[in-house]
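Let me begin by presenting the structure, written as structure tokens, before commenting on it.
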Amino acid sequence: DAGVTQTPRHEVAEKGQTIILKCEPVSGHNDLFWYRQTKIQGLELLSYFRSKSLMEDGGAFKDRFKAEMLNSSFSTLKIQPTEPKDSAVYLCASSLSSNSYEQYFGPGTRLTVL
Amino acid sequence: QQQVRQSPQSLTVWEGETAILNCSYENSAFDYFPWYQQFPGEGPALLISILSVSDKKEDGRFTIFFNKREKKLSLHIADSQPGDSATYFCAARANYGNEKITFGAGTKLTIKP
């Protein structure tokens, strides 16, 4: 079985650009999570979908971050406009269902905003 | 407010020794505690987990000790190997149907050969 796939693996953007990160969850998984990982803040939850419905939209991240789940096998995270402080690793994870505890993580996208 | 705390931030042990990573939490509703292992350039991967009804969970060289009364747990890595060098995240999830997992800040473990 394929794990969680994320593309691109690396992204470099100029300040003010719009970038879109992509994620394909494990086939058959119903829950999908977007996280941001930095050395200072650690793992921060950005968005959470259950069966394609947005359950959490990230609070402090709402204004420039928008996650969408277009179908059960594909999700995007749009950052618009990007700022240098958005430089981080963005991780996507999926889990089987609300009764399943384990989250499977993708390899992440390393974003650098100049 | 950090609900899951880990210590130390970084730890170095010699190959063959037992590495002990500590974790504590605030929320009494947490009942599931996974430990994730992350290598550079990869996403975290589930290593071992424990439910709050247990006080110990073993999987090969990895053991979780859990103290519900003190809201503390620890991950012991016996006979540590250089390949165990990674960052370890303690995490927790509540028992009221919310699927969000709260992660600690991580402990970076280095095993010296």
Side-chain angles (χ1 to χ4, degrees), chain A residues 2-10 21 23-26 29-61 88-110, chain B residues 1-10 21 23-25 27 29-54 57 59 62 64 66 73 86-108:
Chain A
V4 176
T5 304
Q6 290 189 248
T7 55
R9 292 295 313 274
H10 302 273
L21 309 182
C23 173
E24 294 178 58
V26 176
H29 280 194
N30 291 316
D31 291 355
L32 185 138
F33 306 83
W34 281 100
Y35 293 89
R36 183 171 77 175
Q37 184 175 33
T38 60
K39 282 197 167 110
I40 295 174
Q41 298 292 337
L43 279 155
E44 301 171 281
L45 181 67
L46 301 175
S47 290
Y48 157 43
F49 293 88
R50 181 192 303 170
S51 299
K52 300 188 293 179
S53 297
L54 183 63
M55 306 300 290
E56 174 136 351
D57 62 2
F61 298 97
V89 175
Y90 290 82
L91 292 161
C92 177
S94 68
S95 66
L96 183 58
S97 70
S98 58
N99 294 324
S100 170
Y101 288 118
E102 181 173 0
Q103 290 187 12
Y104 294 79
F105 283 83
T109 295
R110 179 173 293 278
Chain B
Q1 182 187 0
Q2 204 173 14
Q3 291 202 58
V4 177
R5 289 191 172 88
Q6 289 187 248
S7 64
Q9 273 190 315
S10 62
L21 289 66
C23 181
S24 63
Y25 62 97
N27 189 345
F30 286 153
D31 72 337
Y32 167 69
F33 302 88
W35 284 84
Y36 281 80
Q37 179 188 55
Q38 185 178 29
F39 295 106
E42 298 181 11
L46 180 66
L47 179 66
I48 186 173
S49 62
I50 192 168
L51 291 170
S52 60
V53 293
S54 301
K57 176 81 173 287
D59 185 355
F62 301 91
I64 299 174
F66 180 71
L73 58 158
T87 299
Y88 292 80
F89 293 96
C90 174
R93 173 179 156 169
N95 61 1
Y96 42 75
N98 185 327
E99 288 68 43
K100 290 193 301 181
I101 291 180
T102 300
F103 287 87
T107 293
K108 184 175 181 181

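Naming convention: chains lettered A, B, ... in sequence-line order (proteins, then strands); numbering from 1 in each chain. Predicted model, so just to flag it, every value in this text is computed and none were measured.
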Residues forming a ring pair (Phe, Tyr, Trp, His ring centres under 6.0 Å) with B/F33, sequence neighbours excluded: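 Scan of B/F33 (ring pair (Phe, Tyr, Trp, His ring centres under 6.0 Å), adjacent residues dropped) gives B/Y25, B/F66.
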Taking ring pair (Phe, Tyr, Trp, His ring centres under 6.0 Å) as the test, write out the residues that go with B/Y36, two or more places apart.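 So B/Y36 forms a ring pair (Phe, Tyr, Trp, His ring centres under 6.0 Å) with A/F105, B/F103.
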How many angstroms lie between atom NZ of B/K108 and atom NZ of A/K39, to the nearest 0.5 angstrom?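 Rounded to the nearest 0.5 Å, the NZ-NZ separation comes to 6.5 Å.
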Can you tell me which portion of B/P44 sits under 4.5 Å from chain A's heavy atoms? Options are side chain, backbone, both or neither.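 B/P44 touches chain A through backbone and side-chain heavy atoms alike.
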Let's test your reading of the structure: which of A/G108, A/C92, A/P107, A/G106 forms the most heavy-atom pairs below 4.5 Å with chain B?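 Of the candidates given, the most pairs with chain B belong to A/P107.
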Less than 4.5 Å to any heavy atom of chain B: does that hold for the side chain of A/R9, its backbone, both, or neither?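 The answer is the side chain of A/R9.
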Under 4.5 Å heavy-atom distance to chain B, tell me which part of A/Q6 shows up: side chain, backbone, both or neither.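 Contact with chain B: none, neither part.
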Among B/G106, B/G41, B/A45, single out the residue with the greatest number of heavy-atom pairs under 4.5 Å to chain A.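 Looking at each of B/G106, B/G41, B/A45 in turn, B/G41 comes out on top.
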